[in-house]
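Worksheet for the structure shown next.
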Amino acid sequence: MFQRQNKVTLRELTLGMDWIKEQSEELQNELIELRRNFHAHPELGFEEHQTSKKVEEYLQSLGLQTERVAKTGVVAMIEGAEDGPVLMLRADMDALPIQEENTVDYVSKNPGVMHACGHDAHMSMLMGAAKILSNNKELIKGKIKLVFQPNEENAGALPMIEEGVLDKPKVDGAVGVHIWTPLPSGVVGISSGGVMSGLYIFEIKVKGYGGHSGYPETAIDPVIAASDIVLSAQRIQTREISSMKPMTMIFGQINGGTKANIIPDEVILNGSIRTLYDDSGDQPIYRLERLARDVSKTHGCECEVSWIRENIPLINDESMTEHMKKTAIEVVGADRVVPYSTMASEDFSEFTARIPGVFLFLGTGNEEIGTNFPHHNPRFNIDESVLHLGVELYVRGSIQYLGNCTKN
């Protein structure tokens, strides 16, 4: 167990922490080059072979030993000058199956694959932070575990955890930074508690009995039953679960039928449920399953419900959040640090469910240069001027966290 203490080094007393800002800014051109190289060569989850190799070579050039975890994940340790806690810094590496529509010089060279969520920036920022931290080990009172995670878009954190990334040595705290176009460039969004939603993906197969639209009485129409399920399901959110608990239930696909005058045998509904809180008590997916079966039965149909839990809610630890909020104020100023949460999902939640952690958002939205497109959009791009801020958040936050903790 680690407790906070108020100790600073002689170097901090004489120089303050301005040297971190200066060194982060000096890396800006290198950060842009790294990010653009990753952007031009995107790879999907668990296929990040060239990406992992580039990360490994960079970290090894800093004198760090690397190891592979969960196929393409890369982990390295920065050993401090003194004993202390272990802080994990994490960046994700995978791209998305999207055909890029940007016309920049560094546009994706891999057809149908694109860094449309900022993971290219995350890697470059953490690599820059690794350079500064590894060159200033005398200020590190503990250890910093650098984690480059594969397959974030499909729960890649769990395989890393199962292979021991939070152990050997045991991690005491975790920090993640996400580039975020919904926030203006240079603004940091941070809040304690639920900041990103848990995510269920579901499929409902409604089975009826096909027939001719000219005499529908001989058929059992799954279209009507499926429509009733879509409408009735809204009752779960508005009547069964408190309106004080953020939740969405969205039907994104309805598939069925082959011709306008044929009543089909089956209709398939696909959708998602998101919650910004621990929903184990409310169990929204089981409520939906119950409703779907009952509504189908009312219409004389049968149904099959299947689902997967892609992510659990991301809950920021209060103490870690307060620490990184103070850090963010030092980096960008108090007027540019705002409370923020979103119904998007992130598997960093698997880390914060097990250890104290904090996930913050670094704004990169700038309409003038076209970096205001949403994440997962084929026109997504970032304002690269914020990259050094991400480095400074990692470095300043790490040194202050480790310097203010002592083993009990």
Between Tyr200 and Asp279, a side-chain donor and acceptor under 3.5 Å: yes
Atom CD of Gln99 with >12 non-hydrogen neighbours under 6.0 angstrom: yes
OH/Tyr209: more than 12 non-hydrogen atoms of other groups inside 6.0 Å: no
Salt bridge Glu330-Lys21, side-chain N to carboxylate O under 4.0 Å: no
Aromatic ring pairing His375/Trp180, orientation class (parallel under 30°, perpendicular over 60°, tilted between): tilted
Considering all heavy atoms, the nearest Met114-Ile98 contact: CB-O, 3.3 Å
Taking every non-hydrogen atom, the tightest pair across His122 and Ile179: NE2-N, 2.9 Å
Pairing of Lys205 and Glu266 as salt bridge, 4.0 angstrom limit: no
From Thr181 atom OG1 to Asn372 atom CG, the distance as rounded to the nearest 0.5 Å: 7.5 Å
Residues, nucleotides or ligands: over 12 heavy atoms within 6.0 Å of Asp105 CG: no
Short side-chain donor-acceptor distance under 3.5 Å, Tyr401 and Asp172: no
Identified side-chain contact (heavy atoms from CB on, under 4.5 Å) counterpart of Phe251 within the set Asn270, Leu231, Leu269: Leu269
Over all atoms of both residues, closest heavy-atom pair of Leu393 and Val188: CD1-CG2, 4.3 Å
Rounded distance (nearest 0.5 Å) linking atom OG of Ser341 with atom CZ of Phe359: 13.0 Å
Lys/Arg N to Asp/Glu carboxylate O, Lys168 vs Glu67, below 4.0 Å: no
Partner of Pro222 under side-chain contact (heavy atoms from CB on, under 4.5 Å), chosen from Ile268, Asp265, Val206: Val206
Distance in Å, His41 NE2 paired with Lys54 NZ, rounded so as to fall on 0.5 Å steps: 9.0 Å
Side-chain ion pair, Glu101 and Arg379, N-O less than 4.0 Å: no
Distance (rounded to the nearest 0.5 Å) between Asp120 CG and Met93 CE: 13.0 Å
Side-chain ion pair, Arg90 and Asp347, N-O less than 4.0 Å: yes
Leu126 CG to Tyr58 OH distance, which is reported to the nearest 0.5 Å: 10.0 Å
Exercise: do Asp94 and His119 side chains pair donor with acceptor under 3.5 Å: yes
Spatial distance of atom CZ (Arg235) from atom CG (Leu288) [nearest 0.5 Å]: 11.0 Å
Gln237 atom CD, neighbour heavy-atom count above 12 within 6.0 Å: yes
Exercise: identify the closest heavy-atom pair between Ile241 and Met247: CD1-SD, 3.5 Å
